[in-house]
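A quick write-up on the structure given underneath.
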Amino acid sequence: MSLLSQINTDNLPQHLAIIMDGNGRWAKQQGFMRAFGHENGTKSVRLTVEACAKLGIKNLTLYAFSTENWNRPKIEVDTLMKLLINSLKNELSTLTQNNIKLQSIGNLDLLPKSAQLELKSVIDQTQNNTRMTLTLALSYGAREELLHAIKAISLKVKNNIISPDAIDESIINNHLYTHNLPDVDLLIRTSGEHRISNFLLWQIAYSELYFTTVLWPDFKEEDLYEAILSYQKRERRFGKTSEQIK
C-alpha cells in the first residue's frame, strides 16, 4: 500500500511550515560548492508545493531566507538572491497552473531591489488564486516579527487607538506578518537538526514538530507523506486530557 493512499484527507494540517535545511551539506557530500545545493533545493520546493496542493493543504509556509542568513559570505548571499529571482520567474507558470497564491513575510526592504520587484510581480499575478496559499519567509526572523508587532501596538496605545487592557492574542495576531494565516499545525525540519531557528515562534505554539534526517535536496513526495502520516497518528490535545478530546 502506498503512503499516499494511507493519508486521511479529512485530517490534513491546514497550515504546514517547513524549515528547508541541508542544501549546503548536500552539495559538499557531492563534492560541489554550496550554491549547487541551493540550486537543487529548488526542485524539492516545486515537488513539495505541487504535492501539498494536490493533497488539499490550504497553507504552506517555507523558510527560504532568515534574518541571520544575511551574515553568510557575500558570494553565497548574492547567489541565493539571484536564485530567488530566477525561481520566481520560472515558477510563475507552475503557480498559475496549480491555482496557487504567493505571498511573502519578513523584512522585505532588505532584499535587493530586483528581488523585491520580481517578488511583487509574482504576488500581484497570483493574488486571486484560491487553491493554496504559498508563503515564502524571506529575510524573516520571528523575534524581529514580534518586535515589529510590539512597536506597532505600542504606537497605537500611545495614540489612544488601542487600550492596554484590550490587548489580547487576537490583537497580537493581527499585527504579525502572518495575520491572514491560521496557526501552524505541522512544522517539518529537514537535515537532522532539532531546533526551530527563530521561525514562526508565536505561530507554532501548539504545532506538531517533525524532524527528518533527509537533506532538503533529497526531500521528495514520499518524505512529505511520511511527515503527514506521523502528524495524523498524534493526539492533539491543546492542554486538554485525552478523555476530554474523545
Side-chain angles (χ1 to χ4, degrees), residues 2-4 7 9 12-27 29-30 32-66 69 76 79-106 111 114-115 118-140 181 184 186-191 199 210 212 214-228:
S2 68
L3 292 177
L4 178 58
I7 292 177
T9 54
L12 293 170
Q14 288 303 298
H15 187 179
L16 168 63
I18 304 178
I19 300 175
M20 307 178 294
D21 194 20
N23 288 338
R25 274 167 285 167
W26 183 89
Q29 288 179 5
Q30 313 295 319
F32 293 99
M33 300 291 287
R34 293 175 61 87
F36 184 71
H38 295 309
E39 290 172 5
N40 279 269
T42 62
K43 299 175 184 177
S44 293
V45 170
R46 176 184 288 180
L47 287 173
T48 301
V49 169
E50 292 183 336
C52 285
K54 290 175 183 176
L55 278 173
I57 292 173
K58 298 299 294 182
N59 300 283
L60 172 63
T61 299
L62 302 177
Y63 204 6
F65 192 88
S66 72
N69 286 156
E76 182 173 352
T79 297
L80 286 168
M81 290 300 109
K82 290 177 183 176
L83 188 58
L84 170 63
I85 294 170
N86 290 335
S87 295
L88 288 167
K89 291 178 179 178
N90 295 335
E91 298 304 323
L92 175 58
S93 60
T94 299
L95 295 174
T96 302
Q97 291 167 11
N98 287 279
N99 193 22
I100 297 170
K101 174 183 177 180
L102 180 71
Q103 63 178 26
S104 186
I105 57 174
L111 297 176
S114 54
E118 193 62 42
L119 183 62
K120 183 180 185 304
S121 174
V122 177
I123 288 174
D124 289 345
Q125 293 181 72
T126 62
Q127 63 181 331
N128 295 320
N129 293 346
T130 57
R131 187 180 189 183
M132 185 177 81
T133 297
L134 169 62
T135 304
L136 295 182
L138 293 164
S139 188
Y140 173 86
L181 295 172
V184 176
L186 173 61
L187 172 67
I188 298 172
R189 180 167 189 151
T190 61
S191 88
F199 186 46
Y210 181 88
T212 174
V214 176
L215 300 176
W216 179 247
D218 290 328
F219 192 85
K220 302 296 184 286
E221 294 98 324
E222 294 296 299
D223 301 299
L224 173 67
Y225 302 153
E226 284 184 1
I228 293 174

Exercise for the section: Can you measure from CD (Glu91) to CG (Asn86) and round to the nearest 0.5 angstrom? Expected result: 11.0 Å

Completion exercise
Residues passing the salt bridge (charged side-chain N to carboxylate O under 4.0 Å, His left out) test with Glu50, sequence neighbours excluded, are none

Exercise for the section: Quick one: list whatever passes ring-ring contact (aromatic ring centres under 6.0 Å, His included) with Tyr210, sequence neighbours left out. Expected result: none

Problem - Polar side chain donor-acceptor pair, Ser66 to Asn69, under 3.5 angstrom - result: yes

Fill in the blank from the handout: d(Asp223 CG, Asp218 CG) to nearest 0.5 Å is 8.0 Å

Practice task
Answer with yes or no whether the side chains of Asn99 and Thr130 bring together a donor and an acceptor at under 3.5 Å.
Solution key: yes

Problem - Partners meeting salt bridge (charged side-chain N to carboxylate O under 4.0 Å, His left out) with Glu222 (sequence neighbours left out) - result: none

Practice task
Taking atom types as modelled, find out whether Glu118 and Ser114 have a side-chain donor-acceptor pair closer than 3.5 angstrom.
Solution key: no

Problem - Among Lys101, His15, Gln103, the one residue meeting side chain to side chain donor-acceptor pair (under 3.5 Å) with Thr135 - result: Gln103

Practice task
Indicate yes or no: at least one non-hydrogen side-chain atom of Gln125 is less than 4.5 angstrom from one of Thr96.
Solution key: no

Handout entry: Test item: Thr133 and Lys58 side chains (from C-beta on) under 4.5 Å apart, heavy atoms
Key = no

Practice task
State whether a side-chain donor-acceptor pair under 3.5 Å links Trp26 with Asn40.
Solution key: no

Exercise for the section: Starting from the C-alpha separation in whole Å, work towards a yes-or-no answer on side-chain hydrogen bond (donor to acceptor under 3.5 Å, both in side chains) for Arg189 and Thr212. Expected result: CA-CA 6 Å; Arg189 180 167 189 151; Thr212 174; over 6 Å; no

